[in-house]
Every structure is written in C-alpha cells, then in structure tokens.
Amino acid sequence: MRVYLPCTLPALARVAAAGEIGPAPLTGYAVTPALVEWYVSGDTEELEYVALTEAARASLRMLAADRADGVEVAARRVVVAVDVPDGDVSGGTDLEERARVRLAAPVPMAKIAAVHVDDTSAVKDVEAAIAALPAADRGDDDAQFVVDGAEANELLWYATQEIPDLVG
C-alpha cells in the first residue's frame, strides 16, 4: 500500500541519517476504504492525490509546530511516499480524516518510493499559510483562504537518490 507521510526538510535529513522513518507509530495518509467510499467517482490516481494533499496539509502543521518551538525550518512542505504491506497499515475511525492511517513500525529507507517537496517558488505562500493557521483554526474564513492558497502550489517529485541533495 502506498502511504504518504508528512515531513519537513530537517526531519527528512534525520531520516537520511538514521536510514529509516520513525519512531513509530507514524501517522500517514493513504487510499483507505473510507476514502474510496466517500470519493466514489475518483480513480486510483485521483484518490492518491487526495491522500498526498492531506499529507501536505499535515506537513504544513509540522512546519508551524517547529516554528512555534523555535526551530529554524524552511517553509517548504515535504511528503514522503512509502510502499508498505497492507498488514502494516491500520485505518482510523474518524470520518473527518478518511485517508488517515497509522503505521506501527518505523519504515526503512528501502520502502521509500519518492519524496514530494514544494518548489522554492512556493515559500511565500507556505509562509503565509503558516502564519494564518492559528486564525484559520479559530474559524476565520479569510485565514482559511490563505492556508488553502498553499495548496495551489504543486509538490515536486524527487527520486530517493535525490534525498541527499534535498537535505544537503
């Protein structure tokens, strides 16, 4: 099963150094039965894009949390796509998070299929989205519009052998 794990560039550097994504449990996003049922008209590619987008939203929250903790982190969303056996994945029951899954074990680098990262041209939109998150969480529609604006930037695809260049 393809699972999309939210990440940041500093966290990706730690993954490269450790040789695995962890520690477990890990929260990711995938094409779950609940997502398929909810998105009845979509094909597999569309459903995977929904899961990738959910992971990118979670990456944005990771960036905001790092900033709140005083961690210097580039305003670029990162999603790591991994291929793991279906049995390693458990789904949640929250209907608002139809694509959310949990992995009970760390994921070795060999299971990474690709990495998706914002282009540097997206930094301005991602910075604005990070700043707007608290107000958006309080229900401010204008702030939510700014947060949603980050999604107008498509994540770029990188092969696993490009990870050292991304974090170097």
Side-chain angles (χ1 to χ4, degrees), residues 1-39 42 44-71 73-118 122 126 129-134 136-138 144 147-148 150-151 153-158 160 163 166-167:
M1 170 180 275
R2 173 70 48 100
V3 176
Y4 298 94
L5 299 171
C7 198
T8 63
L9 286 174
L12 185 61
R14 291 190 297 275
V15 166
E20 68 180 16
I21 303 169
L26 298 165
T27 298
Y29 300 85
V31 178
T32 64
L35 182 63
V36 171
E37 183 178 324
W38 173 73
Y39 204 85
T44 301
E45 188 174 311
E46 288 175 295
L47 293 168
E48 285 184 348
Y49 185 77
V50 170
L52 173 67
T53 300
E54 291 295 325
R57 287 179 188 149
S59 174
L60 183 67
R61 292 197 172 276
M62 292 172 78
L63 291 169
D66 282 354
R67 295 275 180 89
D69 290 342
V71 177
V73 58
R76 295 172 72 191
R77 299 167 299 158
V78 178
V79 175
V80 179
V82 299
D83 290 322
V84 295
D86 290 358
D88 292 355
V89 180
S90 61
T93 57
D94 184 356
L95 291 177
E96 295 300 314
E97 295 287 344
R98 292 172 182 90
R100 187 178 357 193
V101 296
R102 300 285 277 179
L103 299 177
V107 179
M109 289 280 292
K111 300 279 185 181
I112 296 176
V115 178
H116 304 270
V117 182
D118 273 315
V126 175
I130 291 168
L133 264 176
D137 288 346
R138 290 189 303 272
Q144 187 61 53
V147 171
D148 293 343
E151 290 179 20
N153 297 283
E154 295 289 329
L155 298 176
L156 302 178
W157 180 93
Y158 292 91
T160 56
I163 292 174
L166 286 169
V167 300

Hey, does [Y] have a side-chain heavy atom less than 4.5 Å from the side chain of [X]?
{"X": "Val89", "Y": "Leu103", "value": "yes"}
{"X": "His116", "Y": "Glu154", "value": "no"}
{"X": "Val82", "Y": "Ile21", "value": "yes"}
{"X": "Leu156", "Y": "Val117", "value": "no"}
{"X": "Met109", "Y": "Val15", "value": "yes"}

Please round to the nearest 0.5 Å and tell me the distance separating atom [atom1] of [X] and atom [atom2] of [Y].
{"X": "Thr53", "Y": "Tyr4", "atom1": "OG1", "atom2": "OH", "value": "9.5 Å"}
{"X": "Leu60", "Y": "Glu151", "atom1": "CG", "atom2": "CD", "value": "8.5 Å"}
{"X": "Arg2", "Y": "Leu52", "atom1": "CZ", "atom2": "CG", "value": "10.0 Å"}
{"X": "Leu63", "Y": "Arg61", "atom1": "CG", "atom2": "CZ", "value": "11.5 Å"}
{"X": "Thr160", "Y": "Leu166", "atom1": "OG1", "atom2": "CG", "value": "11.0 Å"}
{"X": "Leu133", "Y": "Gln144", "atom1": "CG", "atom2": "CD", "value": "8.0 Å"}

Return the minimal non-hydrogen interatomic distance between [X] and [Y], and the atom names on each side.
{"X": "Ala55", "Y": "Pro6", "result": "O-CB, 3.3 Å"}
{"X": "Ala51", "Y": "Val31", "result": "CB-N, 4.4 Å"}
{"X": "Leu26", "Y": "Ala105", "result": "CD1-O, 3.9 Å"}
{"X": "Tyr29", "Y": "Glu54", "result": "CD2-CB, 3.5 Å"}
{"X": "Leu5", "Y": "Gly28", "result": "CD2-CA, 3.7 Å"}
{"X": "Val78", "Y": "Ser59", "result": "N-OG, 3.0 Å"}

In short, salt bridge (Lys or Arg N to Asp or Glu O under 4.0 Å) pairs touching residues 103-118 with sequence neighbours left out are Arg77-Asp118
For side-chain contact (heavy atoms from CB on, under 4.5 Å), just list the numbers for Leu9 and Val73, CA-CA rounded to whole Å, side-chain angles, deciding distance to a tenth of an Å, and then say yes or no. CA-CA 7 Å; Leu9 286 174; Val73 58; 5.6 Å; no
The test is side-chain contact (heavy atoms from CB on, under 4.5 Å); show your working for Arg100 and Thr27 and say whether it passes. CA-CA 7 Å; Arg100 187 178 357 193; Thr27 298; 3.5 Å; yes
